[in-house]
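Computed from heavy atoms alone, side chains included, the values below leave out hydrogens, waters and symmetry copies.
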Amino acid sequence: MGMRVCRAAFLFSGILILTLLTGGCGRPAVRHAPPFLPPPAKALERKELPRLGYTIQAGAFASAENAARLTRTLQQKGLDATYFVARRGLYKVRFGNFPTKEQARVRAEELRNTGLIEEFYVVSPEEYAVAKREALGEAYLREELVRTARSFLDVPYLWGGTSAETGFDCSGLTMTVYQLSGFDLPRTSRDQFTAGSPVERSSLEKGDLLFFAGAGGKVSHVGIYAGNGLFIHAPGRGKKIRTDPLAKDRFSRSFVGARSYL
């Protein structure tokens with residue numbers, strides 16, 4: 001009797017173990033792995049450009065050539081300088097990037113004492129369009145960037161060279177547009193390309209920069225998107241700043257990407 005009880009207990013234990021292992025069926029239990037969930041997509045980090053501090057504004061020139069000449073002289077003294085259209089037929093120069101208003105004023109006085117500049121004005125950071133973004137919105141800032149770019153339309157290509165003939169190059173234009181709104185955008189098109197956040201062509205917004213490759217496949221040209229498939233750029237020596245459609249064959253073929261800085 002005791003032997004039968006032991007055998008029954010052993011048989012019951014075996015059935016219990018088999019049941020646990022087989023999931024109650026006569027087949028091996030399948031342990032269902034949790035469904036595969038891809039790792040969450042990493043959000044693209046928005047790159048924020050440094051903002052300008054205090055800058056110095058000087059000069060009032062009737063010709064872009066004279067404004068460009070002062071700009072180059074200031075650059076030779078190690079100052080970041082750019083000229084812009086204050087109003088139709090009047091060009092002014094802005095230069096420097098100072099942490100305090102007093103430092104900007106002292107430097108301007110030094111330059112005035114040498115006769116390089118005459119009257120000057122210190123531009124405060126809160127005067128730039130970027131300082132008003134929080135109150136007026138990003139759309140306002142984008143419109144300001146395009147408005148500034150449009151103010152250069154038909155201005156001679158006069159930025160990048162050492163003479164009036166060599167011109168306002170493409171990245172000099174985009175740098176100036178952003179600086180006039182309070183952003184410290186790098187000087188060259190390749191550095192500008194690296195500094196921004198990628199934007200799909202289908203998602204372009206006003207103020208984004210468009211980049212194009214030259215014969216070697218490297219970024220060699222840049223313009224500012226103005227909306228409706230158009231962009232503003234400095235096309236080359238001997239030409240004026242103008243608007244062109246991105247869909248134009250030569251631009252569409254050489255387009256390598258867009259960047260946003262907002």
Practice problem: Would you please test Leu90 and Val85 for side chain to side chain contact (heavy atoms under 4.5 Å, CB included) and show each step? | Solution: CA-CA 6 Å; Leu90 181 66; Val85 184; over 6 Å; no
* Asked: After noting the C-alpha distance and the side-chain angles of Val222 and Cys170, does the key distance pass the side chain to side chain contact (heavy atoms under 4.5 Å, CB included) rule?
  -> CA-CA 6 Å; Val222 60; Cys170 61; 4.0 Å; yes
Please report the C-alpha distance between Thr188 and Asp191 in whole Å, then the side-chain angles of each, then the deciding distance to 0.1 Å, and finally whether the side chain to side chain donor-acceptor pair (under 3.5 Å) criterion is met. CA-CA 5 Å; Thr188 69; Asp191 287 343; 3.2 Å; yes
Using a 4.5 Å cut-off on heavy atoms from C-beta on, say whether the side chain of Leu210 contacts that of Ile224.
no
Smallest heavy-atom separation, Val146 atom then Tyr225 atom, equals CG2-O, 3.6 Å
In this structure, NZ of Lys240 is separated from CG of Asp154 (nearest 0.5 Å) by 5.5 Å
*asked:* Using side-chain heavy atoms (C-beta onward) and a distance below 4.5 Å, is Thr73 in contact with Leu116?
replied: yes
*Are Arg259 and Phe211 side-chain neighbours, meaning at least one heavy-atom pair lies under 4.5 Å?*
yes
Looking at Arg250, is its backbone amide N or carbonyl O close enough to the side chain of Ser254 to form a donor-acceptor pair, meaning the two atoms are under 3.5 Å apart?
yes
Tyr91 meets the ring-ring contact (aromatic ring centres under 6.0 Å, His included) criterion, sequence neighbours left out, with none
Counting the benzene-type ring for Trp, do Phe183 and Tyr261 have ring centres under 6.0 Å apart? no
Applied to residues 113-125, the salt bridge (charged side-chain N to carboxylate O under 4.0 Å, His left out) test, sequence neighbours excluded, yields Arg112-Glu119
**Asked** Between the main-chain N or O of Glu205 and the side-chain N or O of Asp208, is there a donor-acceptor pair closer than 3.5 Å?
**Response** yes
Can you check whether Asp80 reaches Arg187 side chain to side chain, under 4.5 Å on heavy atoms? no
When Glu102, Lys101, Gln103 are each screened for side chain to side chain contact (heavy atoms under 4.5 Å, CB included) with Pro99, the one that passes is Gln103
### Query
Are the ring centres of Phe212 and Phe231 closer than 6.0 Å?
yes
**Asked** Do the non-hydrogen side-chain atoms of Phe84 and Val177 ever get within less than 4.5 Å of each other?
**Response** no
What one should report as the nearest heavy-atom pair of Leu180 and Tyr128 is O-CD2, 3.4 Å
Here the gap from Phe152 atom CZ to Ile232 atom CD1, rounded to the nearest 0.5 Å, amounts to 10.5 Å
NZ of Lys92 to OH of Tyr121, rounded to nearest 0.5 Å, is 10.0 Å
Distance col, row Thr82:OG1 vs Gln75:CD, nearest 0.5 angstrom, shows 8.0 Å
Tightest non-hydrogen contact, residues Arg88 and Ser151, listed as NH2-O, 4.2 Å
Closest non-hydrogen contact found for Leu74 with Val93 is CD1-CG1, 3.8 Å
Open item on the list: Under a 3.5 Å distance rule, please check whether Asn66 uses its side chain to pair with a backbone N or O of Phe61 as donor and acceptor.
Closed with: no
Between Val256 and Val219, does the side chain to side chain contact (heavy atoms under 4.5 Å, CB included) criterion hold? Intermediate values first, please. CA-CA 8 Å; Val256 294; Val219 170; 3.9 Å; yes
Exercise. Look at Asp249 together with Arg253 and state whether they make a salt bridge at an N to O cut-off of under 4.0 Å.
Key: yes
Correct closest heavy-atom pair for Ala104 and Ile56 would be O-CD1, 3.3 Å
Under a single-linkage definition using a 4.5 Å side-chain heavy-atom cutoff for Ile, Leu, Val, Met, Phe, Trp and Tyr, are Phe255 and Leu230 assigned to the same hydrophobic cluster?
-> no
Evaluate whether atom CG of Asp184 has more than 12 neighbouring non-hydrogen atoms of other residues, nucleotides or ligands under 6.0 angstrom away. yes
Heavy atoms, side chains only, cut-off 4.5 Å: are Glu109 and Phe120 in contact? yes
Quick check: do Phe95 and Leu111 have side-chain heavy atoms less than 4.5 Å from each other?
yes
Do Leu185 and Leu209 pass the side chain to side chain contact (heavy atoms under 4.5 Å, CB included) test, and can you show the C-alpha distance, the side-chain angles, and the key distance before you say yes or no?
-> CA-CA 11 Å; Leu185 185 69; Leu209 296 189; 4.0 Å; yes
Taking every heavy atom of Leu49 against every heavy atom of Ala195, the minimum-distance pair comes out as CD2-CB, 4.2 Å
Separation between NZ (Lys206) and CG (Leu262), nearest 0.5 Å, reads 13.5 Å
Residues at least two apart in sequence or cross-chain that pass salt bridge (charged side-chain N to carboxylate O under 4.0 Å, His left out) with Glu110, listed by chain then number, are Arg107
Hits for side-chain hydrogen bond (donor to acceptor under 3.5 Å, both in side chains) against Arg147, two or more places apart or cross-chain, chain-then-number order -> Glu144
- Quick one: are the ring centres of His233 and Phe251 less than 6.0 Å apart? yes
Worksheet entry | Side-chain donor-acceptor contact under 3.5 Å, Gln192 with Thr174 | yes
- Query: Is Thr243 close to Leu153 at the side-chain level, that is, under 4.5 Å between some pair of heavy atoms?
  - Reply: yes
Rounded to the nearest 0.5 angstrom, the OG-CZ distance for Ser203 and Arg201 is 12.5 Å
*For Ser171 and Ser189, does a side-chain donor sit closer than 3.5 Å to a side-chain acceptor?*
no
Sequence neighbours excluded and cut-off under 3.5 Å, please list the side-chain donor-acceptor pairs for residues 132-140, or say none.
unit_1 : atom_1 : unit_2 : atom_2 : d
Arg133 : NH2    : Glu48  : OE2    : 3.3
Glu138 : OE2    : Arg142 : NE     : 2.9
Glu138 : OE2    : Arg142 : NH2    : 3.2

More than 12 non-hydrogen atoms from neighbouring residues, nucleotides or ligands closer than 6.0 Å to CG on Asn113, yes or no? yes
By salt bridge (charged side-chain N to carboxylate O under 4.0 Å, His left out), Asp244 pairs with (sequence neighbours left out) Arg242, Lys248
Donor-acceptor contact below 3.5 Å, side chain Ser252 vs main chain Ala247
no
